[in-house]
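Contents: one structure, followed by commentary.
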Amino acid sequence: MHIQIKRAYDPPADSDGTRILVDRLWPRGLTKDRARLDLWLKDIAPSTALRQWFNHDPDKFAEFSRNYRAELKKNPLVKEVAAMAHEAMITLVYAAKNPTCNHALVLKAAIERAA
């Protein structure tokens with residue numbers, strides 16, 4: 001499986017493969033040219049209610065992760081992205097500031113389990 005995660009504000013690289021934005025909202029201040037995205041999968045992002053409740057609070061990350069995993073179990077896009085990752089490198093692109101406390105980490109693990 002070929003999958004990595006990267007902040008939307010980090011420079012794109014040829015080694016990123018297929019770049020997939022996995023946020024429900026477009027990253028603030030980022031142009032489409034600078035983002036160099038191949039797909040934008042809004043529906044694989046956490047629900048608006050869950051995202052707003054979490055608000056990137058590290059103290060809520062464990063509970064957020066459980067709830068987001070529950071959402072992902074019902075989401076058919078997880079298996080579609082897993083199939084893409086079997087074929088070639090994909091990069092899950094996210095906008096959150098904290099690289100150790102964000103939904104892309106949870107999503108990557110869910111995609112790897114779906115394989």
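- Considering NZ of K6 and CD1 of I20, their distance stands at 14.0 Å, rounded to 0.5 Å.
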I'd like to know whether E87 forms a side-chain contact (heavy atoms from CB on, under 4.5 Å) with H2, so could you lay out the CA-CA distance, the side-chain angles of the two residues, the decisive distance to 0.1 Å, and finally the verdict.
CA-CA 8 Å; E87 299 296 320; H2 312 285; over 6 Å; no
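- Put simply, the side chain of S65 does not reach to within 4.5 Å of the side chain of F54, judged on heavy atoms.
- Within the structure, side-chain hydrogen bond (donor to acceptor under 3.5 Å, both in side chains) contacts touching residues 23-50 (residues at least two apart or in different chains) are D23-H103, S47-E71.
- Criterion: ILVMFWY side-chain heavy atoms under 4.5 Å apart, direct or through other members. Under it, L37 and I3 are not part of a common hydrophobic cluster.
- The two residues T100 and F61 have their closest heavy-atom pair at O-CE2, 4.3 Å.
- The minimum heavy-atom distance linking N98 with P58 is given by the pair ND2-CG, 4.4 Å.
- In this structure, K60 contributes its side chain and W53 its backbone to a donor-acceptor pair below 3.5 Å.
- Residue L21 comes nearest to P27 through the heavy atom pair CD2-CD, 3.8 Å, listed as atom of the first residue, atom of the second, then distance.
- Criterion: ILVMFWY side-chain heavy atoms under 4.5 Å apart, direct or through other members. Under it, L72 and M84 are part of a common hydrophobic cluster.
- Using a 4.5 Å cut-off between side-chain heavy atoms of Ile, Leu, Val, Met, Phe, Trp and Tyr, with links allowed through other members, I90 and L107 fall into the same hydrophobic cluster.
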Evaluate the criterion side-chain contact (heavy atoms from CB on, under 4.5 Å) for residue pair I111 and L92; output intermediate values, then yes/no.
CA-CA 11 Å; I111 292 167; L92 305 177; 3.9 Å; yes
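- Distance check: L50 CG to Y68 OH gives 9.0 Å after rounding to the nearest 0.5 Å.
- Qualifying side-chain contact (heavy atoms from CB on, under 4.5 Å) partners for A109, counting only residues two or more places apart in sequence or in other chains: R113.
- Between the side chain of N75 and the backbone N or O of L77, at least one donor-acceptor pair lies under 3.5 Å.
- Of the inter-residue distances, the one linking K108 atom NZ with N102 atom CG reads 12.0 Å to the nearest 0.5 angstrom.
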I'd like to know whether E80 forms a side-chain contact (heavy atoms from CB on, under 4.5 Å) with L41, so could you lay out the CA-CA distance, the side-chain angles of the two residues, the decisive distance to 0.1 Å, and finally the verdict.
CA-CA 11 Å; E80 289 180 34; L41 297 180; over 6 Å; no
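- Put simply, V93 and M89 are part of two different groups of oily side chains (I, L, V, M, F, W, Y) that touch within less than 4.5 Å, one to the next.
- Here the side chain of N67 pairs no donor or acceptor atom with the backbone of F64 at under 3.5 angstrom.
- Looking only at distances, a side-chain donor or acceptor of R19 sits under 3.5 Å from a matching main-chain atom of A35.
- For the pairing with V22, the side-chain contact (heavy atoms from CB on, under 4.5 Å) check across L39, I44, V81 returns one residue only, I44.
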